[in-house]
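Following: one structure in C-alpha cells, then a few remarks.
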Amino acid sequence: MSARGVAHFRGVDDLGRDVGTHEEFWLKVKRGAKNADGKPLWYAKGIEYWDAIDADVDGVLGGFGHVSAADARDNARVLRDVYGATLEARRASGEKATALDCGAGVGRVTSSFLIEHFDEVDLVEPVGHFLEAARVDEAVTGAGRRDGHRAVGFFKEPLEEFTPEIGRYDVIWIQWCIGHLTDDDLVAFFLRCKEGLKPGGIIVMKENNAKDGFILDLEDSSITRSHEYLLHVIDKAGMRCVEHRVQTGFPKELFTVSMYVIQP
Ligand code: SAH
C-alpha cells in the first residue's frame with residue numbers, strides 16, 4: 001500500500017454483506033439520492049441519526065460513557081508527548097494556546113481534556129441540540145475556571161462545510177466523527193485544517209479501526225475504516241502521520257481505537 005492510488009479497501013455492511021471497494025462505495029454514495037441542496041443523502045441520514053440521540057456523554061459514546069476517563073487520560077498523554085514543549089513555549093511567551101474540537105458532540109473532549117491545556121477552544125458540531133448542550137455546560141465553556149481557559153467559538157456546521165480560521169490553531173482534534181465523511185471530503189477538510197494551523201501545529205485524529213477494509217453502519221450513515229485505510233486517506237491529503245498510538249484500557253468488545261498525530 002505504499003504506492004498512492006493502488007490501494008483497495010473492501011467494505012461490508014453491518015449485516016456482513018459486501019458493499020464493494022472504497023472507490024465503488026463512495027461513487028455510489030455520490031451518484032445516489034441527493035438532498036434539495038445537491039448533497040448526498042448520506043450526510044442528512046447521519047445528522048438524522050444523531051438528532052434523535054440524547055445530548056449527554058452516554059449518548060455520543062453509544063452507551064459507553066464510562067470509557068471517557070480512559071479516553072481523556074490517553075489524549076492527555078499523547079498531547080504532552082508530542083506537543084507539550086510547544087505548549088510550554090506558548091505559555092512562556094504569553095501567546096494563547098488554541099485548539100479546535102471537531103465533531104464535538106456535547107463537548108466531551110473539550111471538557112474532559114482540551115480545556116485543561118488550551119487557553120481557547122473552539123467547537124464545531126452540526127447537530128443543534130448537542131452544540132446547545134455544550135454551550136451551557138460550564139465544564140465545557142470554562143466559565144469560572146481560575147486559569148481563564150475558555151471555550152469561545154461554537155460553530156454549528158458539518159466538517160465537510162467548515163473552514164477553520166487561517167493560522168488560528170495549535171491543535172485540531174478530530175475524534176470519532178470522520179466516519180461520516182466521504183474520502184474526498186475528508187481529504188479536502190484536512191487541507192483546510194492545514195491552513196487553520198499555526199506554524200508547527202498538529203492535527204490529531206482519533207478513530208475506531210476496522211480489522212480490514214471498512215465497515216458500513218447503515219443506521220448512523222458512517223463507515224469505520226481500517227488502520228491502513230486511514231493512513232491511505234492521510235497520504236492522499238499529502239500529509240504525514242508522525243505518531244500512531246493505540247488507546248489503552250478500553251473494554252475488549254470495542255473496536256481498537258487509534259490516535260494519529262498528523263503534520264501537514
Ligand atoms: N467527538 C465527540 C462526539 C462523538 S459522537 C466525542 O468524542 O465525544 C459523533 C459526533 O459526530 C456527533 O456529535 C455527530 O453529531 C457528529 N457528526 C455527524 N456527522 C458529522 C459531520 N458531517 N461533520 C462533523 N460532525 C459530524
Side-chain angles (χ1 to χ4, degrees), residues 26 29-30 35 37 39-76 78-79 99-115 121-135 137 139-140 151 153-164 171-190 192-193 196 203-208 216-225 247 250 254-255 257-260:
W26 290 125
V29 167
K30 253 184 240 170
N35 272 345
D37 61 3
K39 257 178 103 170
L41 208 54
W42 167 263
Y43 283 113
K45 276 161 66 184
I47 300 301
E48 197 185 318
Y49 170 84
W50 290 109
D51 266 335
I53 299 294
D54 287 346
D56 55 32
V57 168
D58 248 345
V60 294
L61 294 188
F64 282 88
H66 53 283
V67 307
S68 199
D71 171 62
R73 180 199 63 212
D74 280 17
N75 287 357
V78 75
L79 179 74
L100 175 66
D101 182 355
C102 296
V106 296
R108 187 193 63 86
V109 174
T110 294
S111 62
S112 68
F113 152 64
L114 291 173
I115 198 79
V121 182
D122 294 337
L123 292 82
V124 52
E125 163 60 44
V127 169
H129 77 299
F130 286 173
L131 195 65
E132 282 318 306
R135 210 196 283 271
D137 181 352
V140 177
F154 292 84
F155 307 112
K156 185 178 174 299
E157 252 183 303
L159 296 183
E160 67 275 14
E161 289 170 19
F162 180 74
T163 301
V171 174
I172 297 183
W173 198 273
I174 312 171
Q175 181 159 350
W176 280 329
C177 57
I178 53 94
H180 288 287
L181 266 62
T182 67
D183 288 2
D184 289 350
D185 282 341
L186 182 52
V187 166
F189 180 63
F190 278 151
R192 296 195 298 280
C193 286
I203 299 168
V204 181
M205 174 172 76
K206 185 164 187 176
E207 259 318 312
N208 292 345
L216 167 62
D217 186 330
L218 292 164
E219 194 189 4
D220 71 3
S221 199
S222 74
I223 68 165
T224 302
R225 296 171 174 91
Q247 171 70 40
F250 270 12
L254 294 184
F255 283 110
V257 177
S258 283
M259 289 167 268
Y260 303 90

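We count ligands from 1, going down the list as the structure has it; atoms in each ligand are counted the same way. The first residue in the sequence is number 1, and the count goes up from there.
For atom 3 (C) of ligand 1, the closest heavy atom belonging to the protein is Gly103 O, 3.3 Å. Scanning the protein heavy atoms around atom 23 (N) of ligand 1, the nearest turns out to be Leu159 N, 3.0 Å. When only non-hydrogen protein atoms are considered, atom 5 (S) of ligand 1 lies nearest to Val60 O, 3.3 Å. What sits closest to atom 18 (C) of ligand 1 on the protein, heavy atoms only, is His180 CD2, 3.3 Å. Nearest protein neighbour of atom 8 (O) of ligand 1, counting heavy atoms only, is Arg108 NE, 2.7 Å. Scanning the protein heavy atoms around atom 15 (O) of ligand 1, the nearest turns out to be Glu125 OE2, 2.6 Å. Atom 21 (C) of ligand 1 has its closest protein heavy atom at Glu160 OE1, 3.8 Å. Of the protein's non-hydrogen atoms, Cys177 CB, 3.4 Å is the one closest to atom 11 (O) of ligand 1.
Under the 4.5 Å side-chain criterion, counting only non-hydrogen atoms from C-beta, Leu218 is not in contact with Ser221. Side-chain contact check for Met259 versus Met205: every heavy-atom pair is 4.5 Å or farther apart.
Between the choices Trp176, Tyr49, Phe130, Phe189, the shortest heavy-atom distance to atom 4 (C) of ligand 1 belongs to Trp176.
Checked for salt-bridge contact, Glu132 and Lys156 miss the test: no charged N lies under 4.0 Å from a carboxylate O. Ion pairing of Glu160 with Arg192 is absent here, as no side-chain N (NZ or NE/NH1/NH2) approaches a carboxylate O to less than 4.0 Å.
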Give every donor-acceptor pair under 3.5 Å between a side-chain atom in residues 100-110 and any protein atom, sequence neighbours left out.
unit_1 : atom_1 : unit_2 : atom_2 : d
Asp101 : OD2    : Thr110 : N      : 3.3
Asp101 : OD2    : Thr110 : OG1    : 2.7
Arg108 : NH1    : Ser68  : OG     : 2.8
Arg108 : NH1    : Asp71  : OD2    : 2.8
Arg108 : NH2    : Asp71  : OD2    : 3.0

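Ring-plane geometry between Trp50 and Phe130 is classed as perpendicular, the angle between the planes exceeding 60 degrees on a 0 to 90 degree scale with a lower cut at 30.
With sequence neighbours left out, the side chain to side chain contact (heavy atoms under 4.5 Å, CB included) criterion links Pro40 to Val29, Trp42, Tyr43.
For ligand 1, the atoms sitting less than 4.0 Å from at least one non-hydrogen atom of Ala104 are 2 (C), numbered in the order shown with element in parentheses. The distance from ligand 1 to the heavy atoms of Val127 drops below 4.0 Å at these ligand atoms: 15 (O). Atoms of ligand 1 found under 4.0 Å from any heavy atom of Val109 (numbered from 1 in listed order, with element): 6 (C), 7 (O).
With a 4.0 Å cut-off on non-hydrogen atoms, Pro126 touches ligand 1 through its side chain and not its backbone. With a 4.0 Å cut-off on non-hydrogen atoms, Leu181 touches ligand 1 through its side chain and not its backbone.
At least one N/O-N/O distance between Gln175 and ligand 1 falls below 3.5 Å.
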inquiry  = Let's go through Lys206 and Asp74 carefully: what are the C-alpha distance in whole Å and the side-chain angles of both, what is the deciding distance for salt bridge (charged side-chain N to carboxylate O under 4.0 Å, His left out) to 0.1 Å, and is it a yes or a no?
reply    = CA-CA 11 Å; Lys206 185 164 187 176; Asp74 280 17; 5.7 Å; no
query = Which is it for Asp220 and Ser222 under the side chain to side chain donor-acceptor pair (under 3.5 Å) test, yes or no, and what are the steps along the way?
reply = CA-CA 6 Å; Asp220 71 3; Ser222 74; 2.8 Å; yes
inquiry  = With salt bridge (charged side-chain N to carboxylate O under 4.0 Å, His left out) as the criterion, how do Lys45 and Glu48 come out once you've worked through the C-alpha distance, each side chain's angles and the decisive distance to 0.1 Å?
reply    = CA-CA 5 Å; Lys45 276 161 66 184; Glu48 197 185 318; over 6 Å; no
